[in-house]
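Since the structure comes first, as structure tokens, the remarks are kept for the end.
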Number of protein chains: 2
Amino acid sequence: MVNVSMPIGVLARSVGCKVQTIRYYEDIGLLPAAGRTAGGQRRYGETHRQKLVFIRHARELGFPLPAVRELLTLADQRESECAQADRVARRHLDSVNRRIAMLESLRAELELMLTHGHGNRIRDCRVIATLADHRLCTQVHHAEASGS
Amino acid sequence: MVNVSMPIGVLARSVGCKVQTIRYYEDIGLLPAAGRTAGGQRRYGETHRQKLVFIRHARELGFPLPAVRELLTLADQRESECAQADRVARRHLDSVNRRIAMLESLRAELELMLTHGHGNRIRDCRVIATLADHRLCTQVHHAEASGS
DNA sequence: CTAAAAGCTCCAGTCACTGGAGCTTCAAGC
DNA sequence: GCTTGAAGCTCCAGTGACTGGAGCTTTTAG
């Protein structure tokens, strides 16, 4: 077990994130402000650590911070309905599915670019030609290449 | 055919991007600076348009700007070797594959969260429980949820 | 008591744009 | 030729989710 009154660096190591990240979470009000020593340094207990684990886990699963905030609030209301947490997760699942579909069409396109016979000079290069001319695409690929 | 001397808005519409994006590409030196009217407005020709199409297409395929820059340089050197463009594309394919693999494990985790039986109160909620306790995960999911 | 490690705050930078304020130029209609 | 409204211009700030650094103070082990 980790000490009941950890400095920030120990907490950071114990959950596998950066010290700055923890301070950032406090800044934006995701993690409640820690108590301070007489000299002004933050000290954390087990409750903070559990909350941080929750946040990091949700982030690893790709939930954007607003969703994490929502889930955290829900987690604190142990008597409220589960349906809302399900909705958040389902919404995220939808976005994950959309991203997978898009990446798969990109993969197909890239594989086509790479496996197609081509000369060894740029002027005959399939990769370059495909990029220069959209009509050579077999796949539909539009919009949102990023985001969580 | 689009006019041989387009203002920036016409060019933007013709390739499907924002006016500011074109100015941004000029700022960072990705697109060569356009000629100007006496009054200081940019005017574009077909060469610019082709370059912009190339850039947008590469971006839609998820290539990060440094890679696009590299590909553009290659495209301009029509006699150089194709192998280098292939390497850029292959590197990108690898990263796409990694992202797909990761997203698929996230999907599995999210589906598990959602399909598992659970009570209708937060205290019995599988979604919340999974986030709070990493040990409930069946999937390995680490690090880089973003980036190309 | 000293010295190094770790903490603190504040600011800037990342990536690839996007939006807005406040101003100027262009082009069509009269 | 003049008006007027759309579209252009520059510059600055903001996005998301951190990350890194400067310059300082506090803690803690020896």
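Computed from heavy atoms alone, side chains included, the values below leave out hydrogens, waters and symmetry copies. Protein chains get the first letters and strands the later ones, always in sequence-line order, with residue 1 at the start of each.
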**Asked** Which sits closer to the 5' end of DNA chain C, B:Lys18 or B:Tyr24, going by the nucleotide each is nearest to?
**Response** B:Tyr24
**Fill in**
Judged by nearest nucleotide, the residue sitting upstream toward the 5' end of DNA chain C, B:Leu65 or A:Gly9, is A:Gly9
**Residues A:Arg49, A:Glu46: salt bridge by 4.0 Å N-O rule** = yes
**Asked** Can you tell me if the side-chain N/O atoms of B:Arg56 get under 4.0 Å from OP1 or OP2 in C:dC17?
**Response** yes
**Request:** Any chance you could lay out the side-chain contact (heavy atoms from CB on, under 4.5 Å) test for A:Arg59 and A:Leu65, step after step, and finish with the verdict?
**Result:** CA-CA 7 Å; A:Arg59 291 292 301 129; A:Leu65 282 187; 3.5 Å; yes
**Item:** d(CD, B:Glu26; C1', D:dC9) in whole Å
**Value:** 12 Å
**Prompt:** Between atom CZ of B:Arg69 and atom CD1 of B:Ile55, what is the distance when rounded to the nearest 0.5 Å?
**Reply:** 9.0 Å
**Message:** It should be established whether A:Arg59 places a side-chain nitrogen or oxygen under 4.0 Å from OP1 or OP2 of nucleotide D:dC18.
**Reply:** yes
**Prompt:** Atom CD1 of B:Ile55 and atom P of C:dA16: how far apart are they, to the nearest Å?
**Reply:** 12 Å
**Message:** So A:Arg36, base contact, sugar-phosphate only, or nothing? Heavy-atom distance under 4.0 Å.
**Reply:** sugar-phosphate
**Asked** Between A:His48 and A:Pro32, is there a donor-acceptor pair closer than 3.5 Å when you use the side chain of the first and the backbone of the second?
**Response** yes
**Prompt:** Just how far, in rounded Å, is C1' of C:dG7 from CG of A:Leu11?
**Reply:** 14 Å
**Prompt:** CZ of B:Arg69 versus P of C:dC15: gap in Å, rounded?
**Reply:** 11 Å
**Complete:** Here the distance between atom P of C:dA16 and atom CD of B:Glu60, to the nearest Å, is 15 Å
**Request:** Using a 4.5 Å cut-off on heavy atoms from C-beta on, say whether the side chain of A:Tyr44 contacts that of A:Leu52.
**Result:** no
**Asked** Rounded to the nearest Å, what distance is computed from the CD1 atom of residue B:Ile8 to the P atom of nucleotide C:dT25?
**Response** 17 Å
**Request:** Would you mind reading off the distance between A:Ile28 atom CD1 and D:dG14 atom C1', rounded to a whole angstrom?
**Result:** 15 Å
**Message:** Output the rounded distance in Å from CD1 (A:Ile22) to C1' (C:dT9).
**Reply:** 16 Å
**Message:** I'd like to know if the side chain of A:His57 reaches the main chain of B:Ala132, judged simply by a donor and an acceptor atom lying under 3.5 Å from each other, with no hydrogens or angles considered.
**Reply:** no
**Asked** Is A:Ser95 reaching over with its side chain to a backbone N or O of A:Arg91, donor-acceptor style, under 3.5 angstrom?
**Response** no
**D:dC18 OP1/OP2 closer than 4.0 Å to side-chain N/O of A:Tyr25** = yes
**Message:** Counting only side-chain nitrogens and oxygens, does B:Arg42 get under 4.0 Å of the OP1 or OP2 atom of D:dG8?
**Reply:** no
**Request:** Would you give a per-nucleotide map of nucleotides 21-30 of chain D, 5' to 3', where B means the base has a protein non-hydrogen atom under 4.0 Å away, S means only the sugar-phosphate does, and - means neither?
**Result:** -----BSS--
